[in-house]
Amino acid sequence: MEAFLHQVFSGLANGAIYASLALALVMIYQSTHHINFAQGELAMFSTYLAWAMINAGLPYWAAFGLTVVASFFIGLIIERAIVRRVADAPVLTVVVVFIALLVILNSVTGWIFTYTIKVFPSPFPEEPLFGPYISSHEAGVVGVSIFVLVTLFLFFRFTPLGLAMRATAENAVSSRLAGIRTGWMLALGWGIAAAIGAIAGMMVAPIVYLDPNMMSGILLYAIAAALMGGIDSPLGAVIGGLTVGVLENIMGAYVVGTELKLTVALVVIIGVLIFKPTGLFGRSFVTRV
Amino acid sequence: MKSNHNIKTLILAMFVASVLIGCGEQQTDDQDASVDEIKIGSTNPYSGPASAYGTIGRAESAYFKMINDQGGINGRKINFISLDDGYSPPRTVEQIRKLVEEEEVLFLAGTLGTPTNSAIHKYVNAKGVPHVFVNTGATKWGDPQNFPWTMGFNLSYSNESKIYAQYVLENKPDAKIAILYQNDDYGKDYVHGLKEGLGDKADTMIVAEASYEVTDPTIDSQIISLRASGADTFYNVTTPKFAAQAIRKANDIGWKPLHLLNNVSTSVGTVLEPAGLEKSVGLITALYLKDPVDPQWADDEDMKAYTEWFNKYMPDESIDDAFNVNGYIIASGVARLLEACGDDLTRANIMKQMASIKDLQMPMMLPGITWNTSAEDFFLIESAQLARFDGKEWALFGDVIGN
Amino acid sequence: MPILEVSGLCAGYGASDVLHDVSFSVEQGGITTILGANGAGKTTVLRALCGMLRSARGSIVLDQVQVNGKATESIVRLGVGHVPDGRGTFMNLTTEENLRVGAMTRRDKAAVAADFERVFSYFPRLKERRHQQAGTLSGGEQQMLAISRALMLNPRLLLLDEPSFGLAPLVVQDIFRIMRTINEVQKVAILLVEQNASLALDLASTAYILETGRVVMSGPAHELREAESVRKSYLGY
Amino acid sequence: MGGLYVNRTRLILVALVVVLACALPFVLSSYRVFQFNMVLVYAIVLLGLNMLTGFNGQISLGHGAFYAIGAYVAAVLMDHWGVPYWVTVPVAGVICFIAGFLFGLPALRLHGHYLALATFALGISMPQILKYKGLEEWTGGVQGIVILKPEAPFGLNISQDQWLYLFTLIIALVMFWLAWNLLRGRIGRAMVAIRDHPIAAEAMGIDVAAVKTLTFGVSALYAGVGGALGAIVVQFVAPDSFVALVSITFLIGIVIGGLASISGVIYGALFIQFVPNIADEISKAAPWAVYGLFLLAFIFLAPAGIAGFVRALWARLTTGSTRKKRAAQTQET
């Protein structure tokens, strides 16, 4: 029983990692209707920025803040300089652009910072505050994910900018006719997603260590989590992430063993999607002929 | 359809014609090295998920650059061509064929990875191209009967495992062993070796096995399972990032087993420091290389030479990374091999020299761990020494094990 | 002094043009209508005006400002409210949020609040459905919402693309009555594009007739109403 | 939608390409022949993927899985039962057809990103499944299987590489011919109709479910045939040869080559075969970055794929001054 609880909590901790990146994916999806395959590498790159700043002697929170801001602008610039050019292209073309970004970021980071793993500090205390099953940092990651979720919710629900972004995502033509600069809304969506990704990266790195491939494994789980939760729902992303984390641990520890746990977890997720094609919390859109 | 018919006839005609013209391929067995340059080929994963190993290839290139700056070997420059295979076997085949057939390299050295080398094993032996210092620890690289052109470099994973098995049998005969391994050839070779080493006690002693994929973000769940099995001995067969995670996690959840760590992840700078030096106290491993971060070698002559070389030829890379030592030794081994070959730069002589190394103490190898080969023995490194981490350095203990 | 002066407008989709040398104007505070059958190019005219067609050529002057080549949102910000064909409802936003989107460019909070009350007084149904998801509104309600959204921009010129399309006659009359009010009370100039010529000619002071992308007739609305060709083709008697 | 109709120029061009392809092994070195052999293999796989994704609109990020199944079928048959290599190719195709068809059934309920995830999951899982203990007896587990290279038959005086290339070329030509016939026929039109107007297609009486699952099956068949040929050419299969990246590479191939274009798959195959090597030659430090830049450059210069680019170029060359005049007019504004 103790081990079981331990597995569940460890799954929640992993799930929080997936959730934090899934939130960034949902963010981009909400503003552009694309799943950004480069999101993980972007987050990884941001985390390296933070690492470099901390190494240069900046205090943690200063580095944290600067990284979030810098990442926001990096996202913004990527959208304006690269993604914009394929705005009208078929979705698969955009996917290839994302893959190109992924490999470039991965390779360039490895080149600049080498591939050896780096220790990234945690802002949370060393000693466990919430019992033996979960470390303070892991609990902190869950907390940060929920904080980001609530902030996003408030932003989209109650600010004019949030409303403008939702409007743009839903109907770009109508939004333009309301005077909204939709081009900037998309760029802003990228910026915010990159900022959320940076937070995710800085939360993940203390657990998994910082290296250029840090996010490549996590990205799959995050995509699965985001889709399972309903790709347009931030709440769904968080719940999806936690579910995937726990599901995977239980599968690996008690059901199928570790060699096939990923496979089985994926089969379960796809099973869910077959019976609930819009995800657990996704809106079903009315399609008109 | 008429046009369709036309095209079919055309294709057929062209095909028949081209088959008739077909000329046999000329086989070239042995190219003598040109007078002033020796071409050596290699593959490494410079791109893709395994690009962490790319630094090994860069270290090898950097070493040969130093050799060339010093005037080469026997008056000949080394042209070391190291190509990217992205750790993908089909690409290795392609790149090796390029090296052998287009570049016409004299031999291959330091090709990295088990699946990648498996893919070219038959080809290079059919072609009679020396395929030496194969940079993985699988046992199959020491099979002179069937593959006389292939010789591995590393202490084989299974031999290393047997050292741990022997240690456990002698010091903790009632151990309950839990194994964490990477779900690939490397991980499974280690597990297999341990089971062989334990013999018929394997079934009773090994109480839990858990695997992970390189794409897994963490191995926390596996560590929790292994601990729950009640094991008091932990055999940790993981690559650096996961080794660091495992050491830290085991410590954090209060699991204090006899912790055997595979040699792949013994780097103080890139594994133990990230995991926490105090959390690494008590780790046991089998060593055969010197670690550039380990303070016990700080005044060592080999290490001084290594550091000097590193700072001059690889200024942008991380000296912490023990992978570079691997590349350094392979390259110096190749240089040593060429010196031994003298002016007889034929492929046959290369294998002959490779298979007649006696008690060779190479730089950066632990004292007493020498290279020995013969026509029947294609294992270059066959010994190691156990070491326990004391919080600062790997404290060697016991004798050099193996031959 | 016209608020909108269009001359020599050519535009289309892809390689071929739909509009050929179209010229017309809308007076300050006036109502102009463009009539035409399905496919005559009416919607294309409105799209070209709002910078939604890259192919548009010719001169479009809005209140002495040349707007050719400007981005849609920049033209809109000059005070052009566009009620697009298909109504452009944000289905997943609430009615109120739809209206807020309409007022997105405005900073004068008090005036926006007053405009909220004003459009709700025009269309009380929308007030009732204020917190309802707009996708659940009926066709007529969505048309009201579209007009209201455009009004929230506080426009000087309102472009309407077939507001009668697909609606029950009573609803249509209601909407046309309110458009007249808007024009009279708020002094908003209106460019109305319609198939329903009878209603449009009642409302407008000036009319143009568009056939296969060309203006074939123009003049004061009451004169066109009397013209025989118009009567036959567009009024059906 | 170019590529599906016949005219004289096109026919001559195709014939020219075929002639060139036949002549290749006799003018190039063995190593180059091997490379072009892989191009043919990839072209077959990409053709299948393009049918599914380009023509039918079902995205697949997991075609590497079918490629792997095809390769393993060939390897296991040859290694365990001594089946001749040429028999394994159709067997691999049939088995992959069944696998693709079965996968296509649940995929019917998944659209867009969800289908992308499901197929990606398939691609990710495949190496794990190949490594699985229970299958180790056949798959060789992590060690993989080494295959012998076939000799040229009928006493032909050509090398193994040359023969294998020609063998692959024959199969590729057959597969292209079949695909071309399929795509310009009733089924092909149904596939495109489903992609563009799924609801209208249903209203027109097209059995959408049947066409979609069949397309999935046929597409997997192509991947399987390619996989079997690839295994024979490389002479080795292992789980590491079929990582998720392989599926992504195939997707890159059809996008760079040109979606919904038959000729495009050849350009795509050339790209995925040769560009990584070029990237490696440019930079040892960060070859992936160079590869990524190549991808971006191709996407920006040829947004409709190389096939689209070639088509546009061809149109500009063939149609004379009238077009130019019009183009000049449009640019005035």
Side-chain angles (χ1 to χ4, degrees), chain A residues 26-27 29-33 79-80 84-85 87-89 152-189 230-236 278-279 281-289, chain C residues 43 46-47 49-54 70-94 96-107 109 112 133-137 139 142 145-155 158-161:
Chain A
V26 168
M27 182 66 227
Y29 186 84
Q30 285 217 331
S31 53
T32 65
H33 285 261
E79 201 281 338
R80 299 230 58 137
R84 165 134 324 176
R85 289 160 171 270
D88 304 322
L152 272 186
F153 175 81
L154 296 176
F155 171 76
F156 277 119
R157 191 61 54 176
F158 295 112
T159 67
L161 200 56
L163 180 61
M165 289 178 67
R166 278 159 68 206
T168 304
E170 200 195 315
N171 190 335
V173 175
S174 275
S175 302
R176 239 172 268 139
L177 288 178
I180 296 172
R181 301 205 183 278
T182 51
W184 278 106
M185 293 304 125
L186 298 183
L188 216 56
I231 182 70
D232 52 3
S233 158
L235 178 67
T278 50
F281 294 87
R283 264 190 306 248
S284 46
F285 290 91
V286 186
T287 334
R288 297 192 176 200
V289 190
Chain C
T43 297
L46 295 194
R47 288 195 180 152
L49 288 184
C50 279
M52 292 156 83
L53 296 178
R54 237 173 256 166
K70 284 199 182 194
T72 304
E73 47 266 43
S74 307
I75 297 171
V76 167
R77 278 161 187 258
L78 292 171
V80 179
H82 186 151
V83 181
D85 80 319
R87 298 165 195 137
T89 310
F90 298 100
M91 303 284 184
N92 288 309
L93 306 186
T94 65
E96 185 179 322
E97 283 172 338
N98 264 275
L99 296 177
R100 278 193 195 291
V101 171
M104 193 61 75
T105 53
R106 295 171 64 185
R107 296 283 162 267
K109 274 190 184 154
V112 170
Q133 215 181 319
T136 64
L137 300 182
Q142 287 193 25
L145 181 60
I147 295 170
S148 302
R149 204 173 56 233
L151 286 177
M152 289 307 290
L153 195 80
N154 194 19
L158 193 59
L159 312 179
L160 291 149
D161 198 340

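Proteins come first, then strands; the chains are lettered A, B, ... in the order of their sequence lines, and each starts at number 1.
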Working to the nearest 0.5 Å, report the span between [atom1] of [X] and [atom2] of [Y].
X	Y	atom1	atom2	value
A:L163	A:F158	CG	CZ	11.5 Å
C:M91	C:Q133	CE	CD	10.0 Å
C:T72	C:L53	OG1	CG	9.0 Å

For this session: Could you tell me whether the side chain of C:N98 and the main chain of C:F90 form a donor-acceptor pair under 3.5 Å?
Result: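 At least one qualifying donor-acceptor pair exists.
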Exercise. Can any side-chain N or O of C:Q142 pair as donor or acceptor with the backbone N or O of C:R87 at less than 3.5 Å?
Worked result: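 No, the answer is negative, given that no donor and acceptor are paired below the 3.5 Å cut-off.
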Output side-chain donor-acceptor pairs under 3.5 Å for residues 179-187 of chain A, partner residues at least two apart or in another chain, one line each.
residue, atom, partner, partner atom, Å
A:R181, NH1, C:S74, OG, 3.3
A:T182, OG1, A:R176, NE, 3.1

Which atoms of [X] approach chain A - backbone, side chain, both or neither, heavy atom under 4.5 Å:
X	answer
C:L153	side chain
C:R149	side chain
C:M152	neither

Exercise. Which residues, numbered in order, of residues 78-86 of chain C come under 4.5 angstrom of chain A by heavy-atom distance?
Worked result: C:H82, C:P84
Exercise. Is it true that C:R77 and C:E73 have a side-chain N and a carboxylate O under 4.0 angstrom from each other?
Worked result: no
